[in-house]
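Nothing here was measured: the structure is a model prediction, and the numbers come from that model. Atoms within a ligand are numbered from 1 in the order they appear, just like the ligands themselves.
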Amino acid sequence: MADEDFVVRIWGARGSLPACSGSASSFGCATPCLEVRCGKRIFVLDAGSGCFPLGQQLVAGESSEFDLFLTHCHYDHIEGLPFFRPLHSRGWTGRIWSGHLAGRMTTEEMVANYMRAPFFPVGPGCFIADLKFNDFIAGEVIDAGDGVTIRTLGLNHPGGAVGYRIEFRGRSFCLITDTEHVPGSPDKAILSFIAGADTVVYDSAYGDEEFAAYAGYGHSTWQEGARLCDAAGADQFIAFHHQPEKTDVKLEAVDAALRRMRPNSRLAREAMVILPGKKLV
Ligand SMILES: [Zn+2]
Ligand SMILES: [Zn+2]
């Protein structure tokens, strides 16, 4: 990968449960995990079940280092963490970051609380990578080095969640999940956070027509994502966090409707590759 390359790959686009309606899905069944390459740097956003195949691919190459940023610790966003192969591989260096529990629990405590009896057989002591846990407060700007800046934003989600904006060589990629909007009242903090972004991946668990039935669940709609991206002058919009009961027939229909409404937009699919600043293929 060239030093200037900025490449995002989706390894898990499903929300809530790593399951699909039907035996397979062209959108995939894995829960949230995105790989963001900024030159030689590897960033992983969320550790849903999609981080298992990502980890397998990483350890098949040269050992290196990664930074894993968690939006929050609901199961669908961390269930792949204990199975992320670089953590079990000598020669790898990892940093795990979170900010949604700032002041309540550190990232290290959160992972230890997840990987413990009687829910899991071994604790994080089983990891043999050179691993550090880092904490931040939502709103902080993190200088990740090598010209990468990571901005953070607290989202409206039960227990908290953090949105990320990764900036590299004049381009920007945002992940905004999980978050609940107020109908008719665009989230001003999100609007300024995603302003002018090249790519926005946004919580699109529902459609507007379903939204009222899920008030308080902490999620949003694909139409709200399109409205926010339009209002903020963002370019690519990727609708993300598909609910497991959504069939491919339903999701393909939403994808077609979204493309008609906003041509440089797509529903997220596993293995989708996104180049911020370029046209979607
Ligand atoms: Zn979720
Ligand atoms: Zn959640």
Problem - Residue pair Trp97 / Ile150, side-chain heavy-atom distance below 4.5 Å - result: no

Problem - Basic-acidic side-chain contact under 4.0 Å: Glu65, Arg95 - result: yes

Practice task
Determine, for Arg37 against Asp5, whether the closest basic-nitrogen to carboxylate-oxygen distance falls under 4.0 angstrom.
Solution key: no

Practice task
Taking both backbone and side-chain atoms into account, decide whether His219 has an N/O/S atom under 2.8 Å from the Zn ion (ligand 1).
Solution key: no

Fill in the blank from the handout: Per residue His74, nearest N, O or S atom to the Zn ion (ligand 2) is named ND1

Practice task
For the Zn ion (ligand 1), decide whether His72 has an N, O or S atom at a distance under 2.8 Å.
Solution key: no

Handout entry: Connected via hydrophobic side-chain network under 4.5 Å: Ile78 and Phe52
Key = yes

Practice task
Could you pull out the atom name of the N/O/S atom in Asp76 that is nearest the Zn ion (ligand 1)?
Solution key: OD2

Handout entry: Atom nearest to the Zn ion (ligand 1) - Asp178, N, O or S atoms considered
Key = OD2

Practice task
Name whichever N, O or S atom of His157 ends up nearest to the Zn ion (ligand 2).
Solution key: NE2

Problem - Option from Tyr202, Tyr214, Tyr206 for which side chain to side chain donor-acceptor pair (under 3.5 Å) with Ser220 holds - result: Tyr202

